[in-house]
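Below is one structure, written out as structure tokens; comments come after it.
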Amino acid sequence: MSIVEAHALRREFRGPVRSGPVIAVQSLDLGIEPGRVFGLLGPNGSGKTTTILMLLGLLPPTSGDARVLGHPAGAREARQRTGFLPEETRLYEFLTGAETLDFVGRLFGIPRAERRRRADMLLEKTRMSEARDRKLATYSKGMARRIGLAQALMSEPDLLVLDEPTSGLDPVGNRGVKDLLDELSCKGTTILTTSHILGDVADVCDDILILHRGRAILRGEVKSLLADAERLSWETDTVDDAQRTRIEEALRVAGVALHEVKPPSTTLERLFLDVLAKELDESGAAT
């Protein structure tokens with residue numbers, strides 16, 4: 001059974017006088033299997049957030065239907081097992097980080113000792129332990145984003161819905177969130193996320209659906225969609241000039257077109273994190 005199912009989902013909004021309705025989502029079919037990380041992609045105004053709100057039951061569809069965790073979208077049984085991080089982090093700024101998580105836990109009826117255990121664990125996983133007793137009004141955007149993710153996880157949801165989860169995060173926070181999503185997915189949590197940062201999507205998503213003007217234009221497994229069936233690459237240890245010449249000659253003799261030979265490259269994110277880790281190690285050794 002799919003965790004999320006949608007059939008012919010459509011949402012219209014009232015447009016300017018005489019111009020007719022604005023169609024935000026049209027004839028959308030969707031299925032998300034258990035334990036998968038599913039990415040909704042598309043330019044601004046493509047219908048990503050509207051789709052999420054309909055699946056959560058926060059916005060009724062004009063037509064079509066959706067089911068979440070075996071229940072109609074918006075049903076109490078589905079909401080109790082779903083965690084949600086909206087695009088804009090809206091939290092009570094007069095509360096501290098720890099108080100925010102405790103408040104959310106109380107809404108879900110979680111006993112006090114268990115609330116404390118989950119809050120401590122989530123504050124650590126989101127790297128917010130040191131700011132646990134600070135008021136949210138003093139948080140940066142990235143810090144508020146991380147505490148927002150923590151509150152979405154307080155109920156230990158079966159489905160986690162994230163709208164632009166890495167918005168406002170620095171590279172360290174970004175990497176931490178992606179690692180946490182990988183961990184949750186490995187434990188069986190199903191994740192539906194949107195993002196404008198395509199590198200993040202490639203890093204964490206198993207499947208994607210690309211929307212344009214409310215219509216699905218491409219869907220599939222990320223690895224399959226990104227694979228280039230017209231090319232083949234090999235990776236070897238470093239070779240000297242003589243070895244390289246012999247390898248290239250062997251390929252030519254075999255009739256294989258050699259397009260490029262170069263060392264593999266890392267990502268800018270990986271380079272940033274490695275340099276930062278080295279600097280922190282050296283700073284620690286100096287003190």
Side-chain angles (χ1 to χ4, degrees), residues 31-44 46 48 127 142 162 164-212 215-286:
I32 304 177
E33 299 304 310
R36 304 288 282 183
V37 182
F38 192 98
L40 272 182
L41 310 181
N44 290 335
S46 61
K48 303 186 299 297
R127 304 180 184 182
L162 309 172
E164 299 289 344
T166 57
S167 174
L169 297 181
D170 61 22
V172 176
N174 186 303
R175 183 69 261 172
V177 168
K178 290 190 288 187
D179 289 343
L180 179 55
L181 297 186
D182 283 340
E183 179 184 336
L184 292 167
S185 177
C186 289
K187 292 181 178 179
T189 304
T190 304
I191 301 171
L192 170 60
T193 183
T194 73
S195 180
H196 287 96
I197 307 174
L198 300 185
D200 290 350
V201 174
D203 283 347
V204 303
C205 289
D206 301 306
D207 311 289
I208 60 169
L209 184 148
I210 299 178
L211 291 171
H212 181 59
R215 184 172 56 86
I217 59 174
L218 179 69
R219 71 182 76 205
E221 186 180 37
V222 173
K223 290 182 180 179
S224 298
L225 292 173
L226 296 183
D228 186 349
E230 302 299 321
R231 295 175 183 269
L232 187 64
S233 63
W234 286 273
E235 186 171 320
T236 70
D237 294 330
T238 302
V239 298
D240 59 33
D241 290 343
Q243 290 172 317
R244 175 172 171 171
T245 299
R246 289 198 296 272
I247 292 170
E248 293 178 357
E249 180 60 26
L251 290 173
R252 279 191 287 269
V253 170
V256 177
L258 184 62
H259 296 287
E260 186 177 44
V261 178
K262 65 178 183 180
S265 60
T266 186
T267 63
L268 186 57
E269 178 190 69
R270 186 70 265 163
L271 175 64
F272 178 92
L273 294 175
D274 287 345
V275 170
L276 184 60
K278 182 179 178 181
E279 174 66 19
L280 292 174
D281 286 344
E282 292 178 350
S283 298

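Residue Pro43 comes nearest to Lys48 through the heavy atom pair O-NZ, 3.3 Å, listed as atom of the first residue, atom of the second, then distance. Nearest heavy atoms, Ser195 versus Leu41: O-CD2, 3.8 Å.
Here the CD1-CG distance, from Ile247 to Leu258, works out to 10.0 Å after rounding to the nearest 0.5 Å. Between the OG atom in Ser46 and the CG atom in Asn44 there is a gap of 7.5 Å [rounded to 0.5 Å]. Put simply, CG on Leu211 and OG1 on Thr194 are 10.5 Å apart, with the number rounded to the nearest 0.5 Å. Interatomic distance, Ile191 CD1 to Leu162 CG, rounded to the nearest 0.5 Å: 6.5 Å. From Asp200, atom CG reaches atom CZ of Arg175 across 8.5 Å, with rounding to the nearest 0.5 Å. In this structure, NZ in Lys178 is found 4.0 Å from CG in Asp203, a value given to the nearest 0.5 Å.
Judged by distance alone, the side chain of Asp206 and the main-chain N or O of Val37 form a donor-acceptor pair under 3.5 Å.
Applying the side-chain contact (heavy atoms from CB on, under 4.5 Å) test to Val222 and every residue at least two apart in sequence or in another chain returns Cys205, Ile208, Leu226. Taking the side chain to side chain donor-acceptor pair (under 3.5 Å) definition, one finds that Asp170 meets it with nothing, sequence neighbours left out. Judged as a side chain to side chain donor-acceptor pair (under 3.5 Å), and not counting sequence neighbours, Thr236 has no contacts. With sequence neighbours excluded, no residue forms a side chain to side chain donor-acceptor pair (under 3.5 Å) with Thr193.
Annotation: side-chain hydrogen bond (donor to acceptor under 3.5 Å, both in side chains) contacts involving residues 181-192, sequence neighbours excluded, comprise Lys125-Glu183, Glu183-Lys187. For residues 243-253, the salt bridge (charged side-chain N to carboxylate O under 4.0 Å, His left out) pairs, not counting sequence neighbours, are Arg244-Glu248, Glu249-Arg252.
Within 6.0 Å of CG in Asp240 there are more than 12 heavy atoms belonging to other residues, nucleotides or ligands.
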side-chain contact (heavy atoms from CB on, under 4.5 Å) assessment of Asp207 paired with Glu33: CA-CA 10 Å; Asp207 311 289; Glu33 299 304 310; over 6 Å; no
